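The model shown is predicted, which means the values in this text are computed figures rather than measured ones.
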Amino acid sequence: MKEENFFERVYEVVKLIPGGRVTSYGAIAVYLGAARSARMVGWAMNNASKMEDVPAHRVVNRNGLLTGKHHFPGTFVMQQMLEAEGVQVKEDKIIDFKKHFWDPSKEL
C-alpha cells in the first residue's frame, strides 16, 4: 500500500471538518504531527478550492482571517460558502472565531 503524501493527508483532514465549523492551517499541521508546517498546509490548500470533495472554505488562518479567499473563483465566494453554513464573516474575518473553531487534535 502506497503511503499518502502530505497534501493528501491534509485533504483527508479537511474533508472531516463539519459544516458550520472552521479550522486553521496550523491546527491541521499539529494534528498531522508537523507542527511547524502550517505554510505547507497552506500550499496544499491553494488548489483545494477547485476540488469539489474538499471543503477548502473551512480552512482559515489562526486569527480567523479568510487568507485563502483569492484561490476561489470570485472575491466573496469563500465568505458566501461560510455564511451559507451559518458562519458570519465581517471584513474577511470570522465573527466569534472560537465558537466555530474545530480542532482536529481534540475532535478526532
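At least one side-chain heavy atom of Val22 sits under 4.5 Å from a side-chain heavy atom of Leu82. Under the 4.5 Å side-chain criterion, counting only non-hydrogen atoms from C-beta, Trp102 is in contact with Leu108. Tyr25 places none of its side-chain heavy atoms less than 4.5 Å from the side chain of Ser37. Using a 4.5 Å heavy-atom cutoff, the side chains of Val59 and Ile28 are in contact. For the pair Asp96/Gln88, no side-chain contact is recorded, criterion being any heavy-atom separation below 4.5 Å from C-beta on. Val41 is not listed as a side-chain neighbour of Trp43, based on a closest heavy-atom distance of 4.5 Å or more.
Between Asp92 and Lys69, the closest heavy-atom pair is OD2-NZ, 2.9 Å. Scanning all heavy atoms of the two residues, the minimum distance from Leu32 to Phe6 falls at CD1-CE1, 3.9 Å. Scanning all heavy atoms of the two residues, the minimum distance from His71 to Asn46 falls at NE2-OD1, 2.9 Å. The minimum heavy-atom distance between Ala29 and Ala38, with the atom names listed, is CB-N, 3.8 Å. Closest approach of Asn61 and Phe97 over heavy atoms only: O-CZ, 3.8 Å. In plain terms, the two heavy atoms of Ala27 and Pro104 that are nearest each other are O-CG, 3.7 Å.
Checked by atom type and distance alone, the side chain of Asn5 pairs as donor or acceptor with a backbone atom of Phe7 at under 3.5 Å. Distance alone, capped at 3.5 Å, places no donor-acceptor pair between the Tyr11 side chain and the Met45 backbone. Side chain of His100 to backbone of Gly20: a donor-acceptor contact under 3.5 angstrom is found.
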Trace of the salt bridge (charged side-chain N to carboxylate O under 4.0 Å, His left out) decision for Arg58 with Glu85
CA-CA 10 Å; Arg58 297 180 187 148; Glu85 295 179 354; 2.6 Å; yes

The test is salt bridge (charged side-chain N to carboxylate O under 4.0 Å, His left out); show your working for Lys15 and Glu12 and say whether it passes.
CA-CA 5 Å; Lys15 290 176 186 178; Glu12 292 305 311; 3.3 Å; yes

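Taking CE of Met78 as the reference point, atom OG1 of Thr67 lies at 6.5 Å (rounded to 0.5 Å). Note that CG of Asp103 and OG of Ser24 are 7.5 Å apart. Values are rounded to the nearest 0.5 Å. In this structure, Phe101 CZ and Lys106 NZ are separated by 8.0 Å, a value rounded to the nearest 0.5 Å. In this structure, OG1 on Thr75 lies 11.5 Å from NE2 on His70, to the nearest 0.5 angstrom. Atom OG1 of residue Thr23 and atom CD of residue Glu107 lie 9.0 Å apart, to the nearest 0.5 angstrom. Separation of atoms CD1 (Ile95) and CD (Glu83) is listed at 8.0 Å; rounding is to 0.5 Å.
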